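Working notes, beginning with the structure itself.
Values reported hereafter were calculated over all heavy atoms of this structure, with side chains retained and with hydrogens, waters and symmetry mates removed. Just so you know, these numbers come straight off a predicted model, no measurement behind them.
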Amino acid sequence: MQKYRHGNESVGESSSSASWSSEQNTEDDRMIALVLSEELAKQDGAVARRLSNLAPVPHVPKINSYIPNISDASMDHQRLIQRLNVYGLCEVKVSGDGNCQFRALSDQMYKSPEYHKHIRKDIVKQLKDNRSFYESYVPMKYKRYYKKMSKSGEWGDHVTLQAAADKFAAKICLLTSFRDTCFIEIMPLYQTPKCELWLSFWSEVHYNSLYEIRDAPLLPKPRKKHWLF
């Protein structure tokens, strides 16, 4: 790596080296994630067996429009905890930093929430490349919507969940805190699902990754708390 001298030498070689190193690290991360996802596939179906007696509610893609107050959200949280206990399930909690949907999907796919940026990028590409699939669910300029959704910290919604199901050929199952809707199932639009991803969904504002208690990985608590606390 060359140093900058006399104020007139190019730093292009240094920048190129740094760029290559960053790309290599990203590729290494993807390879690690692939290995982890193959290990996780061995457990696929455990949660589904626990909830086999539940009838899923059809999914209707929609953007976020309602945020509950603290009192309502707290009641919903208690309801969700009770449901988890009934079915012998537990959550791997992810940070409530605006990326929780993507973190939870990352944890389900790669056994780590830290690949959420890759997940978001893939979902946004799905939205961008398949406008006709999703535009009718978005009550704003569609380009503005997917550009907004590309930003870190932007909350995922039910449209991004549908795009995730389509992109990853996954059946996405939500165990929710809603009083009248316990279980929501999101199917790929035009293909047979190749895997199942299980999330808990609390009060329209937070997602966690869902496991059977005996299969849950031991992870440190997220550094950032949810906005309600």
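Pairing each heavy atom of Asn99 with each of Ser152, the nearest pair is ND2-OG, 3.4 Å. Considering every non-hydrogen atom in both Ser209 and Leu199, the closest pair reads CA-CD2, 4.5 Å. Closest approach of Val124 and Tyr146 over heavy atoms only: CG1-O, 3.7 Å. Heavy atoms only, all atoms of each residue included: Phe168 and Cys195 are closest at O-SG, 4.2 Å. Contact between Trp198 and Gln108 at its shortest, heavy atoms only, is N-OE1, 2.7 Å. In plain terms, the two heavy atoms of Arg83 and Thr176 that are nearest each other are NH1-O, 2.7 Å.
A distance-only check finds no donor-acceptor pair linking the side chain of Glu114 to the backbone of Ser106 [under 3.5 Å]. Of the possible donor and acceptor atoms, none in the side chain of Gln126 sits under 3.5 Å from a partner among the backbone N and O of Ala163.
For the atom pair Leu210 CG and Cys173 SG, the distance stands at 9.5 Å (nearest 0.5 Å). Atom CD1 of Ile119 is separated from atom CG of Asp122 by 6.5 Å, given to the nearest 0.5 angstrom. The CE atom of Met187 sits 5.5 Å away from atom NZ of Lys171, with the distance rounded to the nearest 0.5 Å. Atoms NZ and NZ, from Lys167 and Lys125 in turn, are 5.5 Å apart once rounded to the nearest 0.5 Å. Rounded to the nearest 0.5 angstrom, Glu154 CD and Met149 CE are separated by 5.5 Å. For the atom pair His158 NE2 and Ile186 CD1, the distance stands at 7.0 Å (nearest 0.5 Å).
The shortest distance between side-chain heavy atoms of Leu175 and Leu84 falls below 4.5 Å. You'll find the side chain of Thr181 stays beyond 4.5 Å of the side chain of Leu174, heavy atoms only. You'll find the side chain of Tyr115 stays beyond 4.5 Å of the side chain of Arg103, heavy atoms only. Using a 4.5 Å heavy-atom threshold, the side chains of Ile123 and Leu105 count as touching.
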Problem set entry | Derivation and outcome, ring pair (Phe, Tyr, Trp, His ring centres under 6.0 Å), residues Phe178 and Trp202 | CA-CA 8 Å; Phe178 301 137; Trp202 170 32; over 10 Å; no
For this session: Test Asp107 against Tyr211 for side-chain hydrogen bond (donor to acceptor under 3.5 Å, both in side chains), laying out the working first.
Result: CA-CA 10 Å; Asp107 185 72; Tyr211 290 86; 2.7 Å; yes
For this session: Could you walk me through whether His77 and His206 pass side chain to side chain contact (heavy atoms under 4.5 Å, CB included), step by step?
Result: CA-CA 10 Å; His77 192 224; His206 191 67; over 6 Å; no
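Donor-acceptor pairing under 3.5 Å is lacking for the side chains of Tyr145 and Glu135. Using modelled atom types and a 3.5 Å distance limit, the side chains of Asp166 and Gln162 yield a donor-acceptor pair.
A centroid separation of 6.0 Å or more is found between the aromatic rings of His116 and Tyr110. Centroid-to-centroid, the aromatic rings of Tyr190 and Phe133 come within less than 6.0 Å.
We find that Asp76 and Arg79 are joined by a salt bridge, their nearest charged nitrogen and carboxylate oxygen being less than 4.0 Å apart. Using a 4.0 Å cut-off between a side-chain N of Lys or Arg and a carboxylate O of Asp or Glu, Glu91 and Lys93 do not qualify as a salt bridge.
Both tests hold for Arg120 against Phe102: distance to the six-membered ring centre under 6.0 Å, angle to the ring axis within 45°.
Under the 4.5 Å side-chain heavy-atom criterion for ILVMFWY residues, no single connected hydrophobic cluster contains both Ile81 and Val205. When hydrophobic clusters are built by joining Ile, Leu, Val, Met, Phe, Trp and Tyr residues whose side-chain heavy atoms come closer than 4.5 Å, directly or via intermediates, Tyr137 is grouped together with Ile172.
Below 30°, between 30° and 60°, or above 60°: for Phe201 and Tyr207 the angle between ring planes is below 30°, a parallel geometry.
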